[in-house]
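What's counted below: heavy atoms across the whole structure, side chains too, no hydrogens, waters or symmetry copies.
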Amino acid sequence: MSGFICHVDTLLNYYLEDNYDINKMNPLFHVNIPGLKKAGINLVVFAIFVETNYKPHLSLERTVQHIDTFYSILEKNNTLKLVLNLEDIKKIDSNDKIGVILAIEGAEAVRDTKILRVLYRLGVRMISLTWNQRNQLADGVAENITHGGVTNLGRKVIDEMEKLGIILDVSHLSFSSFNDVLKYSNKPLIASHSNAWDICQHPRNLKDYQLLEIASRNGLVGVNFAPVFLNNSAKAEIIDVIKHIDYIRKLIGINHIILGTDYDGIKSVPAGLENIAKLNKLKEMLYKNGYSRRDINKIFWGNWFNFISDYWG
């Protein structure tokens, strides 16, 4: 069984520990190559997150630094392979590689469409317009009270993203920005690491209408493992993850659920899912809670592959 994770912040590890090595298990972090292999994950989205102290004026420079770090990892590693298109994904299994899709979480660096095209040429294939704050493209979720949405530049960027084939990630958008994205975009959407508001009323979670809109466009929702998004506390268990999967499945169907995790971007994780190597426990618990092997395969791989086959096919 193949496996896909839609959002990890593992690139930050290289700035948090001088000698961080993705080839080795490390109790301080969630993602490493041995863990990915143990969990059967052969495709993962690495997010570029620009730390707050670099925003807004040094966002582009910091994004380029992260991309340079990413390419340095690839050059020193025989397992990871940059994925740029559907054919790259199809080759992963046969080459015993772990594919990596490069994403940007919060697009402060995208000051115009020319920069967007350069980032595409450097390998970026997924972008969320904002993190929590407002930027030149749109309002993030922390700005919900002001009811600001997508800017004129943001609309141009959305158009260019769709022409290039860059996936639009709606995690972190304010409600108004989300609603504007519905008006200004035409392709399927992904919420890479967000949960269900009805289960946990956290601002980063998605309300029913948002889940329904994503599903209506043949989009996907990646379940987040952060306990505060699962049950509004600092502690959670695997069953809390399954409660969100249950809810989303009941509302929009099994075909729209994937795993976001947010590993290496969250401080605490559910008991039993301490790192990416433990994901097989989630498979076991899903099976015990009435999910068929086919359903589990959809969550871990099939839904993503169907989505990307249509998007990039």
A.B. asks: If we only count heavy atoms from C-beta on, is the I33 to N77 side-chain gap below 4.5 Å?
C.D. replies: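 When only atoms from C-beta onward are counted, N77 and I33 do touch, with a gap below 4.5 Å.
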
A.B. asks: Using a 4.5 Å cut-off between side-chain heavy atoms of Ile, Leu, Val, Met, Phe, Trp and Tyr, which other residues end up in the same hydrophobic cluster as I145?
C.D. replies: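 For I145, no cluster forms, as it stays isolated from other hydrophobic side chains.
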
A.B. asks: Classify the angle between the aromatic ring planes of Y14 and Y20 as parallel (below 30°), tilted (30 to 60°) or perpendicular (above 60°).
C.D. replies: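 The rings of Y14 and Y20 stand perpendicular, inter-plane angle above 60°.
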
A.B. asks: Hey, what do you get for CD1 (I167) to CD1 (I101), rounding to the nearest 0.5 Å?
C.D. replies: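 Going from the CD1 atom of I167 to the CD1 atom of I101 covers 6.0 Å.
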
A.B. asks: Do the non-hydrogen side-chain atoms of I299 and I254 ever get within less than 4.5 Å of each other?
C.D. replies: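 Touching, per the 4.5 Å side-chain cut-off.
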
A.B. asks: Report the distance from atom NZ of K281 to atom CG of L273, rounding to the nearest 0.5 Å.
C.D. replies: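 So the gap between those two atoms works out to 8.0 Å.
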
A.B. asks: Around atom CG of N53, are there more than 12 heavy atoms from other residues, nucleotides or ligands closer than 6.0 Å?
C.D. replies: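 Yes - once you tally the heavy atoms of other residues, nucleotides and ligands closer than 6.0 Å, there are more than 12.
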
A.B. asks: As an exercise, state the distance from CD1 of I158 to NZ of K187, rounded to the nearest 0.5 Å.
C.D. replies: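 Spacing of CD1 (I158) from NZ (K187) equals 13.5 Å.
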
A.B. asks: Only one of D169, L116, L102, L168 clears side-chain contact (heavy atoms from CB on, under 4.5 Å) with I127; which?
C.D. replies: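 Considering D169, L116, L102, L168, a side-chain contact (heavy atoms from CB on, under 4.5 Å) with I127 is found only for L116.
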
A.B. asks: Taking side chain to side chain donor-acceptor pair (under 3.5 Å) as the test, write out the residues that go with D88, two or more places apart.
C.D. replies: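 Counting only residues at least two positions away or on another chain, D88 forms no side chain to side chain donor-acceptor pair (under 3.5 Å).
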
A.B. asks: I'd like to know if E87 pairs up with K90 as an ion pair, taking the criterion as any Lys NZ or Arg NE/NH1/NH2 lying under 4.0 Å from an Asp or Glu carboxylate oxygen.
C.D. replies: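 Salt bridge present between E87 and K90.
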
A.B. asks: Can you confirm whether L43 sits close enough to W301 that some side-chain heavy atom of one is under 4.5 Å from a side-chain heavy atom of the other?
C.D. replies: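 Counting from C-beta outward, L43 and W301 do come under 4.5 Å.
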
A.B. asks: Do I257 and R249 pass the side-chain contact (heavy atoms from CB on, under 4.5 Å) test, and can you show the C-alpha distance, the side-chain angles, and the key distance before you say yes or no?
C.D. replies: CA-CA 7 Å; I257 305 170; R249 178 180 67 166; 3.8 Å; yes

A.B. asks: Show your reasoning for whether side-chain contact (heavy atoms from CB on, under 4.5 Å) applies to L259 and L282.
C.D. replies: CA-CA 11 Å; L259 298 180; L282 177 57; 4.0 Å; yes

A.B. asks: Hey, what do you get for CZ (F225) to CD1 (I266), rounding to the nearest 0.5 Å?
C.D. replies: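 Reported value, rounded in 0.5 Å steps: 8.0 Å.
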
A.B. asks: Are there over 12 heavy-atom neighbours, none belonging to K38, within less than 6.0 Å of that residue's NZ?
C.D. replies: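 No.
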
A.B. asks: What I want to find out is whether K183 reaches E213 closely enough, with some N-O distance under 4.0 Å, to be called a salt bridge.
C.D. replies: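 Salt bridge absent between K183 and E213.
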
A.B. asks: Assess the pair H66 and Y15: is the distance between their ring centroids shorter than 6.0 Å?
C.D. replies: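 So the answer is yes for these two rings.
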
A.B. asks: Go through it in stages, so that I can follow the logic: the residues are M161 and L129, the test is side-chain contact (heavy atoms from CB on, under 4.5 Å), and I'd like the CA-CA distance, side-chain angles, deciding distance and then a yes or no.
C.D. replies: CA-CA 11 Å; M161 284 174 62; L129 298 182; 4.2 Å; yes

A.B. asks: For the atom pair NE2 (H256) and OG (S216), what is the distance rounded to the nearest 0.5 Å?
C.D. replies: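 These two atoms lie 8.5 Å from each other.
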
A.B. asks: Sequence neighbours left out, what pairs pass salt bridge (Lys or Arg N to Asp or Glu O under 4.0 Å) with at least one residue falling in residues 143-161?
C.D. replies: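 Every pair satisfying salt bridge (Lys or Arg N to Asp or Glu O under 4.0 Å) with a residue in residues 143-161: R117-E160, R134-E143.
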
A.B. asks: Run the numbers on L173 and V150 for side-chain contact (heavy atoms from CB on, under 4.5 Å), then give the verdict.
C.D. replies: CA-CA 9 Å; L173 288 179; V150 174; 5.9 Å; no

A.B. asks: Counting C-beta onward and ignoring hydrogens, is there a side-chain heavy-atom pair between I22 and F29 closer than 4.5 Å?
C.D. replies: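 Side-chain contact under 4.5 Å: no.
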
A.B. asks: When you compare the side chain of W312 with that of V83, does any pair of heavy atoms fall below 4.5 Å?
C.D. replies: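 They are in side-chain contact.
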
A.B. asks: Would S177 and D139 count as a side chain to side chain donor-acceptor pair (under 3.5 Å) here? Give the steps.
C.D. replies: CA-CA 6 Å; S177 293; D139 273 14; 5.4 Å; no

A.B. asks: Looking at Y287, I'd like to know if its OH atom is crowded, meaning that more than 12 non-hydrogen atoms belonging to other residues, nucleotides or ligands lie closer than 6.0 Å.
C.D. replies: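 At most 12 heavy atoms, drawn from other residues, nucleotides or ligands, come within 6.0 Å of this atom.
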
